[in-house]
Amino acid sequence: MYDPLRTRYVLSCPVRGETAVTLSAFRRLERLPGAAHPAVYAISFACACGDEHPGLVAHDDLDWAPLGLGAGSFFDLMTDLPGDAGDQLGEVAASRIRAGDWPWSFFCYAEDRPKPVFPSSFSLLAPGSIGSLVGVAVTCPDCESRSINLVSHAHIDLPFHNDAQVGVVEHVFEADAERAIEEFQVELHSGAFDTRRLAL
Ligand SMILES: [Zn+2]
Ligand SMILES: [Zn+2]
């Protein structure tokens with residue numbers, strides 16, 4: 001589940017019990033088969049204990065909770081009435097999206113252009129070989145090809161923070177899950193990145 005106050009996902013660790021991680025600490029995401037409402041994603045994440053653990057995250061928690069939707073109630077000091085932070089934050093997010101400001105974006109290599117996206121389209125994440133960047137494999141919601149982008153942590157973790165430029169691997173990679181993981185690691189450390197503007 002997502003903790004809006006800490007802006008982190010609360011997941012369980014066999015060593016520490018409970019741990020809270022940012023989205024960029026996720027390593028793999030895979031939608032579980034079945035028409036569950038909401039859909040559930042099997043994920044693995046890099047834990048502060050040094051290990052990688054599996055977890056389950058609901059679709060809403062992945063895509064909507066970081067935008068403040070479902071943040072719950074608070075007490076409004078201006079009106080002395082209980083308010084709903086989730087509703088107000090949700091409205092702010094919705095109006096920004098309507099204005100063309102997207103919470104997340106990526107560069108689709110196959111289509112050669114930047115695109116809006118939600119975290120449920122991320123499939124693999126890993127620390128990049130350059131500085132503190134993060135490699136992310138994204139399945140394009142439109143053409144369904146997979147691209148690898150090299151982005152900042154903030155690009156992943158902070159909704160509406162989009163890097164002005166991202167690294168793009170000049171390669172459309174396999175949809176096959178096992179091969180994809182291997183290929184992702186190879187491409188990520190090949191250093192063969194091109195820089196693209198991410199202005200939508
Ligand atoms: Zn752990
Ligand atoms: Zn595409």
Side-chain angles (χ1 to χ4, degrees), residues 1-3 5-31 39-59 61-63 97 100-128 132 134-151 153 155-157 159 162-177 179-181 183-184 187-188 192-200:
M1 63 170 252
Y2 188 77
D3 178 353
L5 296 178
R6 287 184 287 177
T7 64
R8 277 170 167 69
Y9 290 88
V10 179
L11 294 158
S12 69
C13 163
V15 180
R16 305 184 159 201
E18 198 179 85
T19 187
V21 299
T22 55
L23 186 57
S24 61
F26 284 23
R27 291 294 171 261
R28 289 186 208 182
L29 293 86
E30 191 184 351
R31 189 184 166 144
V40 173
Y41 288 75
I43 65 125
S44 72
F45 66 97
C47 183
C49 78
D51 261 339
E52 204 175 300
H53 311 304
L56 293 173
V57 178
H59 187 202
D61 273 346
L62 262 184
D63 290 355
I97 292 170
D101 189 8
W102 279 83
W104 292 277
S105 60
F106 81 110
F107 196 94
C108 176
Y109 177 67
E111 291 181 82
D112 196 31
R113 58 195 188 93
K115 300 224 151 193
V117 76
F118 280 101
S120 57
S121 293
F122 300 165
S123 55
L124 299 165
L125 294 103
S132 60
V134 186
V136 56
V138 187
T139 306
C140 179
D142 298 324
C143 74
E144 291 182 6
S145 72
R146 290 220 228 178
S147 301
I148 302 173
N149 286 186
L150 199 63
V151 301
H153 282 265
H155 182 87
I156 303 275
D157 293 331
N162 291 292
D163 291 351
Q165 296 189 322
V166 298
V168 180
V169 172
E170 299 190 291
H171 181 67
V172 176
F173 82 115
E174 289 291 326
D176 174 87
R179 279 194 57 194
I181 292 166
E183 217 180 347
F184 180 63
E187 293 288 350
L188 211 54
F193 288 95
D194 197 29
T195 304
R196 305 288 167 93
R197 286 181 58 80
L198 206 53
L200 290 173

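In listed order, ligands and their atoms are each counted from 1. For the single chain, residues carry numbers from 1 onward in sequence order.
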- Task: Report yes or no: does Asp3 contribute a side-chain atom to a donor-acceptor pair with the main-chain N or O of Val10 at less than 3.5 Å?
- Result: no
- Backbone of Cys13 reached by a side-chain donor or acceptor of His53 within 3.5 Å: no
- Message: Report the atom name of the nearest N/O/S atom of Glu111 relative to the Zn ion (ligand 2).
- Response: OE2
- Message: Over 60° means perpendicular and under 30° means parallel, so tell me whether His59 and Tyr41 are parallel, tilted or perpendicular.
- Response: tilted
- Message: Distance check below 2.8 Å: does Asp142 bring an N, O or S atom to the Zn ion (ligand 2)?
- Response: no
- Message: Would the distance check show the side chain of His153 and the main-chain N or O of Ser24 forming a donor-acceptor pair, the cut-off being under 3.5 Å?
- Response: no
- Query: What's the SG-the Zn ion (ligand 2)-SG angle here (Cys143, Cys108), rounded to 10 degrees?
  - Reply: 100°
